[in-house]
Every structure is written in C-alpha cells, then in structure tokens.
Amino acid sequence: MLDHRAFITDFDAVIARLTSRGVDGDTVTALREAATTRSQAIKKTETLRAEQNKASQDVQKLRESDPAAFGAARERLKTLKDEIKANEDAMVAAEAKLEEMMLRLPNLPDASVPVGKDEHANRLERTVGQPTKLAFVAKQHFEIAEALGIVNFEQAAKISGARFAVYRGAGARLERALISFMLDLARDHGYLEIQPPLLVRRDAMVGSGQYPKFEGESFETLDHEFTLIPTSEVPLVNLHREEILEEHDLPLRYTAYTPCFRREAGAAGRDTRGLIRQHQFNKVELVAYTKPEDSAAELERIASHAEEVLKRLELPYRVVSLCTGDLGFAATKTYDLEVWLPGQNAYREISSCSNCGDFQARRAKIRYRPDDGTGNAKPRLVHTLNGSGIAVGRTFVAILENGQREDGSVAIPRALVPYFGSDVISGV
RNA sequence: GGAGCAGUGGCCGAGUGGUUUAAGGCGUCGGUCUUGAAAACCGAAGUCGGCGAAAGUCGACCGGGGGUUCGAAUCCCUCCUGCUCCGCCA
C-alpha cells in the first residue's frame with residue numbers, strides 16, 4: 001500500500017509512475033479526491049469532538065453545584081452528540097472508501113526499472129553459463145521422468161486431477177535432496193530457517209499484498225477462515241506484523257521450505273503437461289526485512305543467493321529485470337532468474353526476487369525504531385524483500401532436462417550428490 | 001466438543017461510569033553527584049491520525065469490532081487470542 005498523502009502532496013510524480021505500470025489515470029485522480037474527502041471529513045468530526053470534550057467537562061462541574069443547569073446542559077449536548085454521530089459516519093465511510101481503493105493499488109516502480117508494457121520490454125541483466133548442448137534430440141522433463149518411473153501424472157490425476165504429480169522413488173528423493181540442499185545453502189547465507197503455518201488468515205494475505213485484489217486465485221477452506229499459502233512469502237512477511245523492531249534487529253533474514261498452492265486460474269491451457277505449472281509445488285523462499293536505505297543492496301544480495309543455487313547445480317541461466325508493465329503487484333523492482341531448459345529450447349522462470357519497499361510493511365504495520373541514542377526516535381516502516389531460493393519443482397525439471405543422457409538416465413550435479421546419495425538416476 | 005478464567009504502555013501491574021490528561025514498579029534516555037562507574041535523587045519518554053514550514057496543537061487508541069450514556073479501560077453484545085478443568089484424538 002502506498003502512502004495516501006502522496007496523492008495530495010506529490011500528485012504529478014505519483015500519477016506518472018503509476019501509469020507507467022498500467023494503472024489508468026482516472027483511478028489515480030479518484031484516489032486524490034478520496035484522500036481529500038477523507039481529510040476534510042476527519043477535520044470536521046475532530047473539531048466537533050473537541051467541542052464535546054470541553055463541554056462534557058464543563059457539565060461535570062455543574063452536576064453537584066447546579067442540578068437544574070446540569071439537566072439543561074445535558075439536553076443541549078444530546079444534539080451535539082447526534083451531529084457528531086452523523087459526521088463520524090461520513091468520516092468512517094470516507095476512510096473506508098480510500099482504504100478500499102488503496103489496497104487494490106499496486107506499488108510504485110523503482111526509478112531503475114525499465115519502462116514498458118509487457119515482458120518484451122524486460123531488460124537482460126546477465127547470462128551465466130552456456131545453454132546445454134546435447135548430442136541427441138533433447139527430451140522434455142516429463143518424458144524423461146515418466147520413462148524412468150520417477151513421476152506419475154496418471155496416478156496424480158486419479159487422486160487430484162490435472163496439475164498434480166506423484167513423485168516416486170528416486171523422484172521423491174531428488175525433490176527432498178533439493179529442498180535440503182537449498183535450505184542448507186540459505187542457512188550458510190545467514191537466513192534463519194522457519195517452518196510456518198501453511199493455512200493463514202485473511203489478514204495475513206492482505207498484509208503481504210495478495211488480498212483483496214487477487215482473491216479467487218488461492219485455495220481456501222470452505223468457511224473462508226483459512227487460505228492455503230500461495231507462497232511462504234505470506235507467513236514470512238507476516239511474522240513481524242504490527243511490531244516495532246529495534247534498529248539493531250535489522251536486517252532480518254528468513255528462509256522456509258513449504259509447499260505452495262495456487263489455482264492457476266488465469267493460466268488455463270498453459271504448461272498443461274509436466275511439472276512446470278502445478279496446483280501444489282515446493283519452494284524454498286528467502287525473505288528479508290531491512291532499513292529503507294539498505295533494501296536496494298539487499299535485493300542484489302537475495303538475487304545473488306538465488307543465483308548461487310543455480311551455479312552450484314551447474315544450471316545455465318540468465319537474469320532479467322522486469323519492466324514496469326510486468327512487475328508484480330507489491331514489487332518496486334524485480335529480478336527474474338530464468339533457467340535454460342533444453343527440452344523446451346528456452347529459458348524459463350525459476351526464481352523471482354523482489355524489493356517491495358515499504359508497500360507490505362505499511363499494510364502489515366511492520367516498523368523499526370531508529371537508534372538515535374535517545375530511544376525516542378519516531379518509528380519508520382521497514383522494507384521487505386523476497387526471493388525464491390528457489391522453486392524446487394522447476395529445479396527438478398531443469399536437472400532432468402540439462403542432465404539427460406541418450407540412454408534415458410540423468411546425471412546428478414556434483415553438489416547434490418551428498419544429498420541425493422548417487423550421481424545418476426537410471427530408474428526408480 | 002463442554003465448563004470456567006483472563007487480555008491495560010517496551011515489560012510487570014493498579015484501576016467497575018466523570019480531577020485517569022492510565023497509579024506504582026522495572027527497564028530506557030537525559031541531568032545532578034563522582035576521577036570514572038554504580039547507587040541515590042531530579043527530569044524526560046507511547047502509537048496512529050488531522051492541521052501546521054516548524055514549534056506545536058487537536059482527535060483517536062486500555063486484544064478487534066459494535067452498542068448503552070451528556071460522558072466508558074470500567075456496563076452490554078460479538079469476534080480473536082491465551083490459560084485451567086472435562087471429553088475425544090494423531
């Protein structure tokens with residue numbers, strides 16, 4: 001969520017940056033009007049309340065000294081009470097309207113983000129490694145996996161339908177090895193490992209920015225009491241909601257392995273085969289809380305930690321900076337890591353690292369007290385960042401496609417052998 | 001699932017309708033004293049919002065929301081959270 005005051009004090013800059021990421025100008029103008037209406041309504045109600053407070057104290061003095069005057073004053077205050085009530089209703093309505101609009105408004109893009117409409121305007125930052133060259137026709141990961149018997153989609157369909165998978169034997173062990181490998185690396189990089197709840201309350205979804213705008217894209221329990229997390233960014237960002245941290249607590253760095261659950265409602269027909277797009281997938285997430293002035297450097301740091309996973313697994317990849325039009329709702333700046341998939345002859349997203357600035361912190365009320373020596377400094381909003389470190393299912397895909405051999409077996413990257421227990425998969 | 005108790009500032013804790021603009025203690029920060037420190041004493045200090053260049057000023061906030069009242073931390077309703085006992089259970 002943005003600071004609504006910026007719509008009044010800094011309108012031109014805000015409208016320019018929001019339209020660059022696809023928000024229509026009328027929406028921004030309506031926001032400015034709602035912000036103005038709100039502050040006028042507050043002003044009026046508070047003036048009346050100040051009057052009431054004063055009168056109420058005066059009335060109290062009459063209570064014993066002059067019962068007749070006391071009764072008359074009480075009658076007069078009843079009309080003031082009704083007037084306040086009417087103004088309060090208008091104030092509450094104005095605040096609710098602004099809040100509703102603000103919650104659906106995306107973050108402002110950082111100045112370093114390339115301006116553009118869609119992914120064609122994304123900026124290539126760097127390419128690491130060469131696309132894997134194979135001396136035979138590359139197979140797609142699901143062909144390799146099914147032939148080896150390590151993933152079974154038919155069984156998953158019987159149990160749960162499309163976009164689910166059953167991992168078997170070496171497949172299940174490979175998934176588990178990747179999770180351990182990634183968590184250990186994150187720990188080496190200074191992140192505290194967390195096992196969070198996978199079912200969260202609505203407030204948590206609002207805090208990290210998924211709700212209210214993306215309601216309907218997650219799975220919920222029948223009574224809507226809980227949402228299945230679409231990413232562990234949700235619980236990790238809400239760990240410190242409504243807290244005032246100390247400056248020396250920052251930065252805070254957390255990692256969590258969790259399954260993630262997504263409806264993929266807008267992706268009908270895309271990536272229907274294989275493990276690329278599942279309703280349930282595993283992910284190791286990295287989340288950081290920093291001081292505002294440190295978040296830009298922290299984004300580079302998180303991205304480098306995600307990249308380290310790919311480097312150690314000897315997977316070729318490239319890094320792109322998302323353009324304004326392609327940026328996620330809560331992000332001011334995002335690097336996507338795209339891994340090379342020989343079976344698709346393409347780079348595919350495997351990690352997304354974002355600086356959310358104070359957007360989530362404002363929603364979730366996560367602040368810190370600057371240490372100025374007095375202990376009385378005003379709290380400031382922290383900055384939050386998140387990055388996949390990295391998507392486990394897609395890493396599984398990348399290992400199969402890049403490590404495939406002509407005989408159908410798959411070479412396991414050296415760094416993973418201690419976790420997996422073998423340097424090859426040749427069967428279940 | 002049933003029955004009961006509780007939620008007050010960074011922490012502990014008093015407070016059942018009007019000098020509570022939330023007592024007191026601990027901790028924090030500043031000062032006095034001291035060679036320095038401790039102790040003691042004095043003082044400062046919550047969060048959010050409105051207006052304001054600022055100083056400041058006004059409003060709201062005692063788990064969340066709603067209600068009663070001229071006036072609510074205090075009375076009523078409801079939700080959330082924690083604890084105790086009973087039942088059931090991985």
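Computed over heavy atoms, backbone and side chain alike; hydrogens, waters and symmetry mates excluded. Letters go in sequence order (proteins before strands), and every chain restarts at 1.
Here B:rU35 sits opposite no nucleotide as a Watson-Crick or G-U wobble pair (both hydrogen-bonding atom distances under 3.5 Å). Using Watson-Crick or G-U wobble geometry with both donor-acceptor distances under 3.5 Å, B:rG30 finds its partner in B:rC42. Across all strands shown, B:rU47 forms a Watson-Crick or G-U wobble pair, both distances under 3.5 Å, with B:rA60. Base-pair partner of B:rU81: B:rA6 (Watson-Crick or G-U wobble, both distances under 3.5 Å). Pair check for B:rG1 finds B:rC86; Watson-Crick or G-U wobble, both atom distances under 3.5 Å. The partner of B:rC70 is B:rG18, judged by Watson-Crick or G-U wobble contacts that both fall below 3.5 Å.
Close to B:rU69, at under 4.0 Å from its OP1 or OP2, lies a side-chain N or O of A:K81. For B:rG67, the OP1/OP2 oxygens have a side-chain nitrogen or oxygen of A:K85 closer than 4.0 Å. Of the side-chain N and O atoms in A:S39, none sit less than 4.0 angstrom from OP1 or OP2 of B:rG49. Using a 4.0 Å cut-off, no side-chain N or O of A:R201 falls inside it from OP1 or OP2 of B:rG64. Residue A:K378 places at least one side-chain N or O closer than 4.0 Å to OP1 or OP2 of B:rU47. Here A:R369 reaches the OP1 or OP2 of B:rU47: one of its side-chain N or O atoms lies under 4.0 Å away.
Distance check on atom P: B:rU84 versus B:rG46 gives 36 Å, rounded to whole Å. B:rA3 sits 15 Å from B:rG87 when the P atoms are compared, rounded to a whole Å. When the C1' atom is compared between B:rA72 and B:rG17, the two are found 7 Å apart, to the nearest whole Å. Rounded to whole Å, the C1' atom of B:rG25 lies 24 Å from the corresponding atom of B:rU19. Nucleotides B:rA73 and B:rG15 have their C1' atoms positioned 8 Å apart, rounded to a whole Å. Atom P of B:rG31 sits at a distance of 24 Å from the matching atom of B:rG24, rounded to the whole Å. Comparing B:rU21 with B:rG9, their C1' atoms are spaced 15 Å from each other, to the whole Å. B:rG43 sits 27 Å from B:rC48 when the C1' atoms are compared, rounded to a whole Å.
The nearest whole Å value for the distance from the CD atom in A:E95 to the P atom in B:rC48 is 16 Å. Nucleotide B:rG46 holds its C1' atom 16 Å from the CD atom of A:E243, rounded to whole Å. The interatomic distance linking A:R38 (CZ) with B:rA60 (C1') rounds to 12 Å, in whole Å. Between A:D203 atom CG and B:rG63 atom P there is a gap of 18 Å when expressed in whole angstrom units. Atom-to-atom, CE of A:M91 to C1' of B:rC48 comes out at 13 Å; the value is rounded to the nearest Å. For the pair A:R241 CZ and B:rC48 P, the interatomic distance rounds to 16 Å; values are reported in whole Å. One atom, CD1 of A:I42, and another, P of B:rC61, lie 14 Å apart when rounded to the nearest Å. Here B:rC58 presents its C1' atom at 13 Å from CD of A:E51, a figure rounded to the nearest Å.
Expressed to the nearest 0.5 Å, how far CE of A:M102 lies from CZ of A:R362 amounts to 7.5 Å.
Both A:R49 and A:Q40 lie close to RNA chain B; mapped to their nearest nucleotides by heavy-atom distance, the more 5′-ward contact belongs to A:Q40. Nearer to the 5' terminus of RNA chain B, by closest-nucleotide assignment, is the contact made by A:K43 (compared with the other of A:K43 and A:E225).
Note on A:R49 versus A:E88: salt bridge recorded, some NZ/NE/NH1/NH2 to OD/OE distance being below 4.0 Å. A salt bridge between A:E293 and A:R380 is present, with a side-chain N of the basic residue lying under 4.0 Å from a carboxylate O of the acidic one.
Evaluation of the side-chain contact (heavy atoms from CB on, under 4.5 Å) rule for A:D326 yields A:E119, A:N122, A:L322, A:C323 as partners, not counting sequence neighbours.
Within a heavy-atom distance below 4.0 Å of RNA chain B, the residues of residues 1-13 of chain A found are A:H4, A:R5.
Sorted by first then second residue, the side chain to side chain donor-acceptor pair (under 3.5 Å) pairs that include residues 153-180 of chain A, not counting sequence neighbours, are A:E175-A:N282.
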Inset, instruction - Determine, step by step, whether A:S351 and A:E349 satisfy the side chain to side chain donor-acceptor pair (under 3.5 Å) criterion, reporting the C-alpha distance in whole Å, the side-chain angles of both residues, the deciding distance to 0.1 Å, and the verdict. - result: CA-CA 6 Å; A:S351 171; A:E349 179 189 336; over 6 Å; no
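Among A:L228, A:I229, A:N238, the single residue meeting the side-chain contact (heavy atoms from CB on, under 4.5 Å) criterion with A:V200 is A:I229. With respect to A:F219, the side-chain contact (heavy atoms from CB on, under 4.5 Å) criterion is satisfied by exactly one of A:R263, A:Q280, A:R262: A:R263.
Ring planes of A:H279 and A:F164: tilted class, angle from 30 to 60°.
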